[in-house]
2 protein chains.
Amino acid sequence: MNETTREDAVLVLLDVAARIERRLDNALSMTRGISFSEYRLLKALAGAGTRGVMRVDLAEAVGLTASAVTRALRPLEKIGVVATEKHERDARCSLATLTPAGAELLSDAERVVADGLDAIPMKGLSLERLVALQAELAKPRQAPARRGMIRAHRDPTSGQEGAS
Amino acid sequence: MNETTREDAVLVLLDVAARIERRLDNALSMTRGISFSEYRLLKALAGAGTRGVMRVDLAEAVGLTASAVTRALRPLEKIGVVATEKHERDARCSLATLTPAGAELLSDAERVVADGLDAIPMKGLSLERLVALQAELAKPRQAPARRGMIRAHRDPTSGQEGAS
DNA sequence: TATGAATACTTGAGCAGTCAAGTACTTTTA
DNA sequence: TAAAAGTACTTGACTGCTCAAGTATTCATA
C-alpha cells in the first residue's frame, strides 16, 4: 500500500507539471506569441551572456533533443530574436545568441510567466529537494562511461558553461 | 530575486516531471510495449471496476483531450486489452472497460512502473502538498459557470465516478 | 599523415498530442 | 412538441516533438 502511495505521488507530480506547463504555454502564446519551449530557449540563451550557445548545450539546458532545438531556433531567428554565428575554431558548431530584441521579448515573457505563477501556490515545496531529485534523474542511465569516454574537445572559450 | 527562486522551482519541477515521465515511458514500452499514456488509461479503467468509463471521463482522469483518448483506445481495443460497449440509456456514450487480458497487462506494467520508481527518491516531497496543488490547478480557469450550467444528465448507474 | 572514431548539426519519416468542425444524440425551453 | 442548446464522440488538419540516418568537421592514433 505504501508502494501505491509513492506511485500516486509521482502520478500527481506529473499531472501538476503538465497543468502548470500548459497554463504557462497558453499565457505566453496568447500574450507574446511564443511557446513555453521557446521561452526556455530564450532564457537559456540569456543565461549564457554574450557567448554563443551550441545547439547541443541548448538542448541539454531545456530538455529537448538537438534536433528539436534546430527546428525551434529557425523561426526565432526569422523574427530576429535569436542570431547564429559560426564558432571561429570549430566549424561544426553554430552558436546561438540572444539579440537585443530577443532580450526584450524575454523580459516581457518573464513578466507573463511571473504573473502566471502568482496563481500557483508553490510554497512548502522545497527547491532543494527538487534540485536533488533533478540531479539524481540527470545521472547517466546505465553503462557509466567505463573508459575515459568524456566529451572530447569542448572549448572553454566559447561553448556555454552555465546556461542553466 | 525571490521571484526568480520561485520560477526556478517551477522550472525544476517541470524538468523533473519530464525526466520521470520519459523514464517510465521507456521502461514500459521496452518491457510491455505500451506507452505511459496507455498505462494511465489502463489504470483509470481498472479504477472504475466493472463499470464502463466514458471517453470524456477517461480524458479528464489521464489529462488528455477526448480526441486523444479516442485515438489511444483504438489500438488497445485491437490488441484486446480494452473493450467498448454502448451505454444502454445514452446512445452518445461508449463505455470502455478493461478486459481480463488488460488487467493482466496492467498488473505487469504496474510492476515495471514500481521498479522504475525505485530508482527515484521521492521521500520528503509531500503528497498532500502535491494534491493540494493539483486541486488548485484543476479549478476552472475563468468564467465560473454563471448560470446553472452543470453537467446535465450524468448517470449514476454507469458513468464512472472514481476512476482517479 | 592517413584513417577511424567522435561530435555538431540537419533532415526525413513518423508519432502522439492539439484544436476546430462535424455527426449523432439528449435535454431544456418556449 | 418543435426548436434550441448542450453533450459525447470522431475526424481532418496541424504542430512539436522523437529517432534514425546523413553530412561536415575535428580529434585520436597507427
Side-chain angles (χ1 to χ4, degrees), chain A residues 18-19 21-23 25-26 28-30 33-41 52-60 62-77 84-96 145 147-155 158-160, chain B residues 18 21-23 25-26 28-30 33-41 52-60 62-77 84-96 145-155 158-160:
Chain A
R19 285 181 198 273
E21 185 158 352
R22 188 167 317 190
R23 182 172 293 201
D25 196 86
N26 283 343
L28 282 170
S29 62
M30 288 197 304
I34 60 173
S35 68
F36 186 64
S37 283
E38 289 170 324
Y39 170 72
R40 297 197 71 170
L41 284 171
V53 187
M54 289 191 304
R55 264 67 170 157
V56 279
D57 292 327
L58 229 29
E60 167 71 24
V62 304
L64 293 178
T65 60
S67 172
V69 171
T70 291
R71 297 188 214 269
L73 245 35
R74 199 137 36 211
L76 293 178
E77 290 186 65
T84 290
E85 52 198 305
K86 293 231 182 308
H87 185 129
E88 44 186 29
R89 285 196 298 215
D90 189 339
R92 291 169 304 178
C93 309
S94 54
L95 302 171
R147 259 197 319 157
M149 187 235 142
I150 325 113
R151 324 208 72 183
H153 59 290
R154 184 118 315 180
D155 184 342
S158 42
Q160 55 85 244
Chain B
E21 187 157 352
R22 188 168 316 193
R23 182 172 292 200
D25 195 87
N26 284 343
L28 282 170
S29 62
M30 288 197 304
I34 59 172
S35 68
F36 186 64
S37 282
E38 288 170 325
Y39 170 72
R40 297 197 71 171
L41 284 171
V53 186
M54 290 190 304
R55 265 66 171 156
V56 279
D57 292 327
L58 229 28
E60 167 71 22
V62 303
L64 293 178
T65 59
S67 171
V69 170
T70 291
R71 297 189 212 270
L73 244 35
R74 198 137 36 211
L76 293 177
E77 288 186 67
T84 290
E85 53 198 304
K86 294 228 183 314
H87 185 127
E88 44 185 30
R89 286 196 297 213
D90 189 336
R92 291 169 305 178
C93 309
S94 54
L95 301 171
R146 29 189 177 176
R147 258 196 319 155
M149 188 234 139
I150 325 113
R151 323 209 72 183
H153 60 290
R154 183 116 316 179
D155 185 341
S158 42
Q160 55 86 245

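Model, not experiment: these values are computed from the prediction. Each chain gets a letter, A, B and so on, in the order its sequence line appears, and its residues count up from 1.
When the P atom of D:dC19 is taken as reference, atom CG of B:Asn26 falls 8 Å away, rounded to whole Å. The distance between atom CZ of B:Arg92 and atom C1' of C:dT23, rounded to the nearest whole Å, is 12 Å. The CG atom of A:Leu73 sits 13 Å away from the P atom of C:dT11 (whole-angstrom rounding). Across the protein-nucleic acid pair, B:Ile34 atom CD1 and C:dC15 atom P stand 18 Å apart, rounded to whole Å. One can place CG of B:Asp90 at 12 Å from C1' of D:dG6, the figure rounded to the nearest angstrom. The separation between B:Arg89 atom CZ and C:dT27 atom C1' is 15 Å, rounded to whole Å. Computed from coordinates, the A:Met54 CE to D:dT26 C1' distance equals 13 Å when rounded to whole Å.
What you find for A:Ala96 and A:Leu58 is that their closest heavy atoms are CB-CD2, 4.2 Å. Smallest separation of non-hydrogen atoms from A:Ala66 and A:Ala59: N-CB, 3.7 Å. Here the closest non-hydrogen pair linking A:Leu28 and A:Tyr39 is CD1-CB, 3.6 Å.
Distance from the side chain of A:Ser94 is smallest to C:dC9 among D:dT10, C:dC9, D:dC19. The side chain of B:Ala66 approaches D:dT10 more closely than any other nucleotide in the set C:dT10, D:dT10, C:dC9. Of all nucleotides listed (C:dC9, D:dC9, D:dC19), C:dC9 comes nearest to the side chain of A:Val56. The side chain of A:Ala91 lies closest to D:dT25, out of D:dT25, D:dG6, C:dA8. In the set D:dT25, C:dT10, D:dC9, D:dC9 carries the atom at the smallest distance from any side-chain atom of B:Thr70.
Checking the phosphate oxygens (OP1, OP2) of C:dT11, a side-chain nitrogen or oxygen of A:Arg74 falls inside 4.0 Å. Remark: A:Arg22 is in phosphate contact with C:dT18, judged by side-chain N or O atoms under 4.0 Å from OP1 or OP2.
Annotation: the span from A:Glu60 atom CD to A:Leu64 atom CG amounts to 11.0 Å, rounded to 0.5 Å. Once rounded to the nearest 0.5 Å, the distance linking CD of B:Glu21 with OG of B:Ser35 reads 9.5 Å.
With sequence neighbours left out, the salt bridge (Lys or Arg N to Asp or Glu O under 4.0 Å) criterion links A:Glu77 to A:Arg55.
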Mind listing the N/O atom pairs, protein and nucleotides 14-16 of chain D, below 3.5 Å?
none

For nucleotides 20-22 of chain C, which of its nitrogen or oxygen atoms have a protein nitrogen or oxygen under 3.5 Å away, and what is each distance?
none

Does A:Met54 form a side chain to side chain contact (heavy atoms under 4.5 Å, CB included) with A:Leu95? I'd like the steps, not just the answer. CA-CA 5 Å; A:Met54 289 191 304; A:Leu95 302 171; 3.4 Å; yes
